[in-house]
Novice: 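The following block contains the structure, expressed as structure tokens.
Here is how names work: the chains are called A, B, and so on, in the same order as the sequence lines, proteins then strands, and each is numbered from 1.
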2 protein chains.
Amino acid sequence: MTRNVTIKDIARAADVSISTVSRTLNGSSAVAGDKRARVLAAAQELGYEPNAAAQGLVRGRSMTIGVLTQDIASPFYNEVSRGIDAGFAGSGYQPIFVNGHWEIQDESAAITALTRRQVDGLIILGGRLTDQALRDLAARFPLALVGRRVPGLEPMCLSIDNVQGAFLATTHLIQLGHRRIGHLTGVPSQRDAVDRLEGYRLALADAGLAFDPRLVFEGDFNETAGILAVEHWLGQGVGLSAIFAANDQMAYGARLGLYRRGIRVPDDISLMGFDDLPASQFTLPPLTSVHQPLFEMGQQAASAVLHQLLTPDEPLPHPDLPLTLSVRESVRYARP
Amino acid sequence: MTRNVTIKDIARAADVSISTVSRTLNGSSAVAGDKRARVLAAAQELGYEPNAAAQGLVRGRSMTIGVLTQDIASPFYNEVSRGIDAGFAGSGYQPIFVNGHWEIQDESAAITALTRRQVDGLIILGGRLTDQALRDLAARFPLALVGRRVPGLEPMCLSIDNVQGAFLATTHLIQLGHRRIGHLTGVPSQRDAVDRLEGYRLALADAGLAFDPRLVFEGDFNETAGILAVEHWLGQGVGLSAIFAANDQMAYGARLGLYRRGIRVPDDISLMGFDDLPASQFTLPPLTSVHQPLFEMGQQAASAVLHQLLTPDEPLPHPDLPLTLSVRESVRYARP
DNA sequence: CTGTTAGCGCATTCAA
DNA sequence: TTGAATGCGCTAACAG
């Protein structure tokens with residue numbers, strides 16, 4: 001753990017002033033050829049690495065973007081993160097990720113840690129921070145939000161229309177003849193869960209189908225909830241020909257629950273997910289799901305932050321996130 | 001984006017010197033009650049947040065740990081990341097994550113970005129950096145390595161014995177009567193892939209079974225490789241009663257490939273994975289797999305770094321990572 | 001107990 | 001073109 005080499009060391013080695021070192025290293029103004037060469041050689045020789053903290057301190061910019069992710073373990077956020085990485089590639093800004101764990105205290109702590117670190121912008125994935133807290137943040141930093149829609153911050157929200165997505169999914173099932181469709185909800189305190197339930201109800205109403213509360217099971221976005229839902233429905237003798245889970249992970253659980261009962265998918269019961277995680281292409285059978293363009297959401301979040309950073313005066317364009325259904329093999333016509 | 005408030009602002013507001021502000025905020029030495037109160041009030045009032053860059057600059061420590069992860073999208077690394085988070089909780093150190101994407105240039109760039117940011121320690125998950133590069137890093141920073149074994153750095157390597165793990169898996173299959181066991185390898189340039197193949201061979205030899213190269217298919221750790229392997233073996237008429245995939249993701253792909261061919265698991269063919277990803281509890285059927293204690297590996301990596309940071313003179317204890325098989329439903333006795 | 005001062009490493013202004 | 005000097009925000013001696 002030897003002391004880091006600084007521009008002072010280079011200056012001494014190259015026999016110039018530290019200003020000359022700084023200038024040649026940054027190309028901020030012309031430097032005589034020979035000195036320039038000596039500085040470069042010395043820097044190379046000594047293995048110089050600029051101290052980002054010092055640079056940030058004097059420049060007032062850290063060239064880093066803080067990304068608050070909820071759970072590095074969730075496949076959902078992972079795809080988004082990849083998009084964010086891609087979106088900042090070559091921009092000179094570096095995204096750093098910290099976890100909020102879906103706990104409001106952890107999230108606040110993480111945001112604080114990030115702002116203390118003088119990040120130049122912020123991307124927040126989901127989370128429990130209030131809309132107002134987010135608006136306050138937006139006033140202080142270039143910001144982008146993934147998976148949330150905050151009134152007043154629309155152009156920086158990268159989120160599909162969850163109501164619309166659930167409507168699409170449910171309608172797809174209805175069009176295939178399904179009349180009794182179970183819905184497995186997400187955590188009711190999360191807006192997207194509520195919206196998906198809403199889309200389910202709207203689709204039923206739109207098709208003239210009555211809403212039956214027994215067909216709704218409150219889940220928590222994890223696989224286990226899918227197993228419990230199936231146990232519940234089948235145990236109670238609730239008849240249904242299709243299940244629409246508010247996310248893919250719960251659909252996986254439901255699939256296992258059905259398997260345990262000897263019920264085939266899609267022969268006996270159709271199964272619909274939401275998110276279209278990469279893994280859903282490889283489940284048995286491959287899962288039909290509402291596609292969220294997660295990678296693109298991350299990429300566009302990066303673009304939005306970059307836009308605010310580089311051209312703060314130009315209006316932020318509205319994001320464009322298409323809503324599609326990935327039709328695979330877990331859904332089929334309802335038996336007559 | 002108003003200017004940040006600094007201790008100077010607080011000093012002015014509380015009518016004390018900046019040192020008094022610094023002292024009360026850090027509790028580094030006693031301060032008179034009334035001044036203390038005024039400072040605290042002013043800090044609260046103005047919404048003061050210390051500038052971590054400035055603190056780091058003067059203290060020489062940034063209180064952050066850099067974590068190089070390969071692919072935020074991989075379920076493997078995600079579990080480890082959660083463990084790392086847990087391991088640093090309450091320590092005062094904050095882990096920040098950056099991605100290397102399994103590209104040696106990206107990895108070097110990420111490490112550089114991290115070191116420029118003056119991280120106090122480093123955790124590296126997998127990756128393509130050479131053993132020597134890692135040893136050099138270890139000489140400069142408190143370091144921990146997950147999923148690799150570097151000669152000379154044993155106590156800071158959090159990795160199970162891959163040879164042993166594959167031996168265990170293959171032996172399990174052999175004991176259940178399987179004689180023709182296909183092995184689906186990982187990327188041959190990755191050490192763990194090579195080790196797992198080695199363990200497979202050793203188990204065969206140990207049981208007096210001949211090694212048949214036609215039973216080995218070179219994969220790449222992704223689902224698609226599993227599908228290709230099944231296509232290959234079945235297309236070539238290579239007979240086998242069990243498949244041992246070098247990771248769970250390939251096992252998922254193989255499972256789908258078998259399903260496409262109408263082959264049941266485990267009735268017709270047994271399937272064994274490696275890693276025991278959380279999702280493997282919910283596949284159809286739930287997958288038998290070599291368990292890697294990913295969360296614990298992350299946690300112990302954090303502990304190892306903390307140990308080097310806090311008690312640099314004490315020897316680093318050797319990590320303790322038990323090797324177990326998660327026996328589920330994808331493997332059964334071979335038919336006589 | 002408290003204020004003044006000297007840097008941490010760097011970019012940048014100001015003279016030369 | 002160059003070096004000396006200044007200050008980014010903060011902590012840690014150093015004198016009181």
Novice: Any base atoms under 4.0 Å from A/Thr20, or only sugar-phosphate, or nothing? Heavy atoms, all strands.
Specialist: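 Here A/Thr20 touches the backbone only, sparing every base.
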
Novice: Considering only side-chain heavy atoms of A/Ser17, which listed nucleotide, C/dC1, D/dT1, D/dG3, is closest?
Specialist: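 Closest of the options to the side chain of A/Ser17: D/dG3.
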
Novice: Measure CD/B/Gln118 against P/C/dC8 and give the value in whole Å, please.
Specialist: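 Rounded to the whole Å, the gap is 14 Å.
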
Novice: Tell me: CG of A/Asn51 to C1' of C/dG7, nearest whole Å?
Specialist: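 Atom-to-atom, A/Asn51 to C/dG7, this comes out as 14 Å.
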
Novice: Where each residue is assigned the nucleotide of DNA chain D containing its nearest heavy atom, which of B/Ala53 and B/Arg23 is assigned the position nearer the 5′ end?
Specialist: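 The answer here is B/Ala53.
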
Novice: Among C/dT4, C/dG9, C/dA11, which nucleotide has an atom closest to any side-chain atom of A/Asn26?
Specialist: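 Ranking C/dT4, C/dG9, C/dA11 by closest atom to the A/Asn26 side chain puts C/dA11 first.
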
Novice: Remember a base hit wins even if backbone is also touched, and classify A/Val31 as base, sugar-phosphate or nothing at under 4.0 Å, heavy atoms.
Specialist: sugar-phosphate

Novice: Given C/dT2, D/dT11, C/dC8, which nucleotide is nearest the side-chain atoms of B/Ser29?
Specialist: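 The answer is C/dT2, which lies nearest to the side chain.
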
Novice: Grab the CD-C1' distance between A/Gln55 and D/dG9 for me, whole Å please.
Specialist: 16 Å

Novice: Given atom CD1 of B/Ile10 and atom P of D/dG9, what is their separation to the nearest angstrom?
Specialist: 13 Å

Novice: Between B/Gln118 and A/Ala52 (side chain of the first, backbone of the second, donor and acceptor by atom type, cut-off under 3.5 Å), is there such a pair?
Specialist: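 No, because the side chain of B/Gln118 does not come within donor-acceptor range (under 3.5 Å) of the backbone of A/Ala52.
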
Novice: Quick one: is A/Lys35 getting a side-chain N or O under 4.0 Å of the D/dT1 phosphate, OP1 or OP2?
Specialist: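 Checking D/dT1 against A/Lys35, no side-chain N or O comes under 4.0 Å of OP1 or OP2.
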
Novice: In whole Å, I'd like the distance from the CZ atom of B/Arg116 to the P atom of C/dA11.
Specialist: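 In whole Å, C/dA11 P lies 11 Å from B/Arg116 CZ.
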
Novice: Report the distance from atom OH of B/Tyr48 to atom P of D/dG9, rounded to the nearest whole Å.
Specialist: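 Those two atoms, OH and P, are 10 Å apart.
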
Novice: For A/Asp320, does its backbone N or O pair with a side-chain atom of A/Gln300 as donor and acceptor, under 3.5 Å?
Specialist: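 Judged by distance alone, yes, a pair lies under 3.5 Å.
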
Novice: In terms of side-chain heavy atoms of B/Arg59, which of D/dT11, C/dG3, D/dC8 is nearest?
Specialist: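 Closest nucleotide to the B/Arg59 side chain: D/dT11.
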
Novice: Taking any heavy-atom pair under 4.0 Å as a contact, classify A/Val58: base, sugar-phosphate, or nothing.
Specialist: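 Base, at least one base heavy atom under 4.0 Å.
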
Novice: With a 3.5 Å distance limit and no angle check, can you tell me whether A/Arg82 reaches the backbone of A/Leu294 through a side-chain donor-acceptor pair?
Specialist: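 Not a single qualifying donor-acceptor pair exists.
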
Novice: C/dT4 base to B/Ser19 side chain: any donor-acceptor pair below 3.5 Å?
Specialist: yes

Novice: Considering non-hydrogen atoms only, spot the tightest contact between B/Ser108 and B/Leu129 and give its length.
Specialist: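 Nearest heavy atoms, B/Ser108 then B/Leu129: OG-CD2, 4.0 Å.
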
Novice: Any donor-acceptor pair under 3.5 Å linking the side chain of A/Arg128 with the backbone of A/Trp102?
Specialist: yes

Novice: What is the separation between atom CZ on A/Arg117 and atom C1' on D/dG9, rounded to the nearest whole Å?
Specialist: 16 Å

Novice: Rounded to the nearest angstrom, tell me the gap between atom CG in B/Asp15 and atom C1' in C/dC1.
Specialist: 16 Å

Novice: Of B/Ala54 and B/Val16, whose nearest nucleotide on DNA chain C comes first from the 5' end?
Specialist: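 Result of the comparison: B/Val16.
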
